[in-house]
Amino acid sequence: MNSLKLVLAVLILIWPASLRADPANHPRAEALLHELLATGPRSEMFTPAFLNAIPLTQLHDISRDMRADIGPVTHVHVEGDRFEIETASHLVTGLIGLNGMGRIEGLRILGVTPRVATLDEALAGFAPLGADVAWLVLKNGEVLAQRQSDQPLAVGSAFKIAVLKVLSEDIAKGVLRWDDVVPLDNSLKSLPSGMLQDYPDGAPITVQTLASLMISISDNTATDHLMHLLGRPRIAAALGMDFVPSTREFFALKFDDDARQTYLDHPANRAEIAAQAAQAAQAAQTLQKSASLPAYQPGVEWYVGLDRLCALLIETADLTPYRISSGPASNKDWRQIAYKGGSEIGVLNMTTVVQDSQGNTLCAAVTLNNDVALDEKAAFSSYRALLNLLRTAAE
């Protein structure tokens with residue numbers, strides 16, 4: 001295992017749930033991080049509990065090997081509990097927390113991103129990661145780079161951008177209001193990701209909360225309630241699909257081989273077949289019992305080209321549900337960020353719309369499809385490198 005993987009595997013564990021950052025400790029935290037990578041760790045830098053979890057000798061090895069991998073530190077910045085460490089070749093992001101005596105009690109590496117000099121170099125990292133690979137980079141509507149961006153590939157939960165788009169249209173027309181209340185319906189509950197699947201039947205949830213959970217934590221139950229409220233045809237039209245399954249139907253088809261094959265064999269009847277599969281799964285409690293999701297099965301997914309996803313995200317980027325989570329981009333780098341991705345085993349999409357300090361609007365979108373599991377760490381590392389390059393170009 002190389003040192004960067006060791007850092008990610010070990011230090012990710014040392015982050016107490018109750019830890020809170022003290023803004024007054026920022027200069028101290030920056031000095032400790034710089035020293036940790038410049039000259040190595042000292043026992044006085046850490047709490048006893050931290051050293052019990054990771055001995056000082058192991059920290060010495062990690063620090064030494066990491067210096068060899070990323071080079072000398074040129075800048076350290078701490079804001080809140082988040083830090084960035086810059087070198088000539090890499091950007092390291094993570095979390096740090098100090099106790100009242102200024103010792104490190106929590107340290108978590110979130111990402112180690114290589115710096116790239118050109119778009120071609122940034123995008124080259126995606127090419128070997130999937131059987132089908134698409135990307136699109138736009139600036140104020142102008143294409144800076146693209147590969148198969150008009151090709152509808154499986155994008156997982158990124159389809160939820162279209163649900164928010166249709167919802168925003170109904171809000172604008174006065175058909176719905178953000179503070180309208182929707183009672184949870186047990187027949188519309190889905191599997192995670194999300195949290196609303198665990199809420200009681202009939203619990204009152206506002207449209208604003210449904211939309212916010214759908215985007216920020218990709219809540220599938222929130223999504224299916226909005227799809228039921230809005231109707232499928234307009235969502236399908238926004239995505240360029242003939243039929244758009246709910247997430248509950250998606251899971252039901254994934255777990256039922258016969259229903260899935262019938263769904264694939266009869267495109268004209270997919271709405272009826274998907275609904276029947278979901279009803280059968282509810283009756284048999286298949287979705288509640290299932291612990292793991294089968295890998296990507298072609299034909300049962302949401303197929304959208306990146307041209308369309310970027311357009312939808314640009315149109316909805318000002319909406320508040322995107323303000324909750326910035327995804328792989330950093331809020332300090334951009335005036336505004338809107339992000340939605342999607343994944344399952346063999347599928348990964350990352351779509352981000354940002355606005356830079358000059359008011360330029362950029363979209364960076366990547367989709368990977370494969371018949372086996374993807375290297376998501378490598379994909380996110382390349383995606384962060386792409387975003388960092390776009391940020392640097394905007395400065």
Side-chain angles (χ1 to χ4, degrees), residues 1-5 8 69-71 87-93 110-139 141-159 161 240 295-299 301-314 327-330 333 339-354 362-394:
M1 176 180 285
N2 67 39
S3 61
L4 294 187
K5 288 184 179 178
L8 290 169
D69 281 344
I70 69 174
T87 73
S89 60
H90 287 79
L91 176 68
V92 182
T93 58
L110 297 177
V112 181
T113 304
R115 294 187 181 277
V116 292
T118 66
L119 265 180
D120 287 344
E121 185 182 354
L123 296 167
F126 298 111
L129 296 181
D132 290 305
V133 179
W135 59 65
L136 177 63
V137 182
L138 299 175
K139 181 176 182 180
E142 177 186 354
V143 176
L144 301 183
Q146 71 86 26
R147 168 175 166 168
Q148 296 195 100
S149 62
D150 61 345
Q151 177 74 26
L153 297 179
V155 299
S157 287
F159 89 92
I161 300 170
Y296 169 52
Q297 294 154 329
E301 248 284 353
W302 298 274
Y303 291 88
V304 192
L306 295 179
D307 291 344
R308 190 178 293 267
L309 275 185
C310 272
L312 288 168
L313 191 52
I314 289 170
S330 174
D333 294 333
Y339 172 78
K340 188 72 191 84
S343 66
E344 62 165 313
I345 299 173
V347 172
L348 179 63
N349 171 269
M350 299 166 285
T351 302
T352 304
V353 168
V354 292
L362 298 98
C363 182
V366 177
T367 298
L368 306 172
N369 287 181
N370 212 356
D371 55 2
V372 295
L374 296 160
D375 187 343
E376 293 194 5
K377 286 185 178 179
F380 274 102
S381 178
S382 292
Y383 192 67
R384 290 190 187 96
L386 171 61
L387 292 173
N388 288 337
L389 176 68
L390 295 175
R391 172 185 61 84
T392 302

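Owing to the predicted nature of the structure, the values given are computational and were not obtained by experimental measurement.
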> Would you say Glu344's side chain and Gly156's backbone share a donor-acceptor pair under 3.5 angstrom?
Replying inline: no
> Which heavy atom of Leu386 sits nearest a heavy atom of Leu119, and at what distance?
Replying inline: CD1-CD2, 3.5 Å
>> Quick check for you: to the nearest 0.5 Å, what is the distance between Phe380 atom CZ and Leu387 atom CG?
In response: 10.5 Å
> Quick one: which of Leu306, Val304, Leu136, Val347 gives a side chain to side chain contact (heavy atoms under 4.5 Å, CB included) with Thr367?
Replying inline: Leu306
> Parallel, tilted or perpendicular: which fits the ring planes of Phe159 and Trp302, with parallel below 30° and perpendicular above 60°?
Replying inline: parallel
> Does Val137 reach the side chain of Val143, with side-chain heavy atoms less than 4.5 Å apart?
Replying inline: no
> Of all residues at least two apart in sequence or in a different chain, which pass the salt bridge (charged side-chain N to carboxylate O under 4.0 Å, His left out) check with Arg115?
Replying inline: Glu86
> At their closest point, which heavy atom of Gln148 faces which heavy atom of Val133, and how far apart are they?
Replying inline: NE2-O, 2.9 Å
> Please walk me through it: do Lys340 and Thr351 pass side-chain contact (heavy atoms from CB on, under 4.5 Å)?
Replying inline: CA-CA 6 Å; Lys340 188 72 191 84; Thr351 302; 5.8 Å; no
> Can you check whether Val112 reaches Ser381 side chain to side chain, under 4.5 Å on heavy atoms?
Replying inline: no
> Could you give the distance from OH (Tyr383) to CG (Leu123), rounded to the nearest 0.5 Å?
Replying inline: 11.0 Å
> Between Met350 and Tyr339, is any pair of side-chain heavy atoms under 4.5 Å apart?
Replying inline: yes
>> Nearest 0.5 Å, please: how far is OG1 in Thr352 from CG in Leu309?
In response: 11.5 Å
> Once you round to the nearest 0.5 Å, how far does CG of Asp333 lie from OG1 of Thr392?
Replying inline: 8.5 Å
> Is there side-chain contact between Val354 and Leu390, with heavy atoms separated by less than 4.5 Å?
Replying inline: no
>> For a quick test of reading the model, state the closest non-hydrogen atom pair linking Cys310 to Leu138 and the distance between them.
In response: CB-CD1, 4.0 Å
>> I need the minimum non-hydrogen distance between Ser343 and Leu348, along with the two atoms involved.
In response: CB-CD1, 3.9 Å
> Which atoms form the tightest heavy-atom contact between Ala122 and Val116, and what is the distance?
Replying inline: CB-CG2, 3.6 Å
> Quick one: does Asn369's side chain get under 4.5 Å of Val155's, heavy atoms only?
Replying inline: no
> Rounded to the nearest 0.5 Å, how far does CG of Asn388 lie from CG of Leu91?
Replying inline: 5.0 Å
> Nearest 0.5 Å, what's the CG-CG distance between Asp132 and Leu368?
Replying inline: 9.5 Å
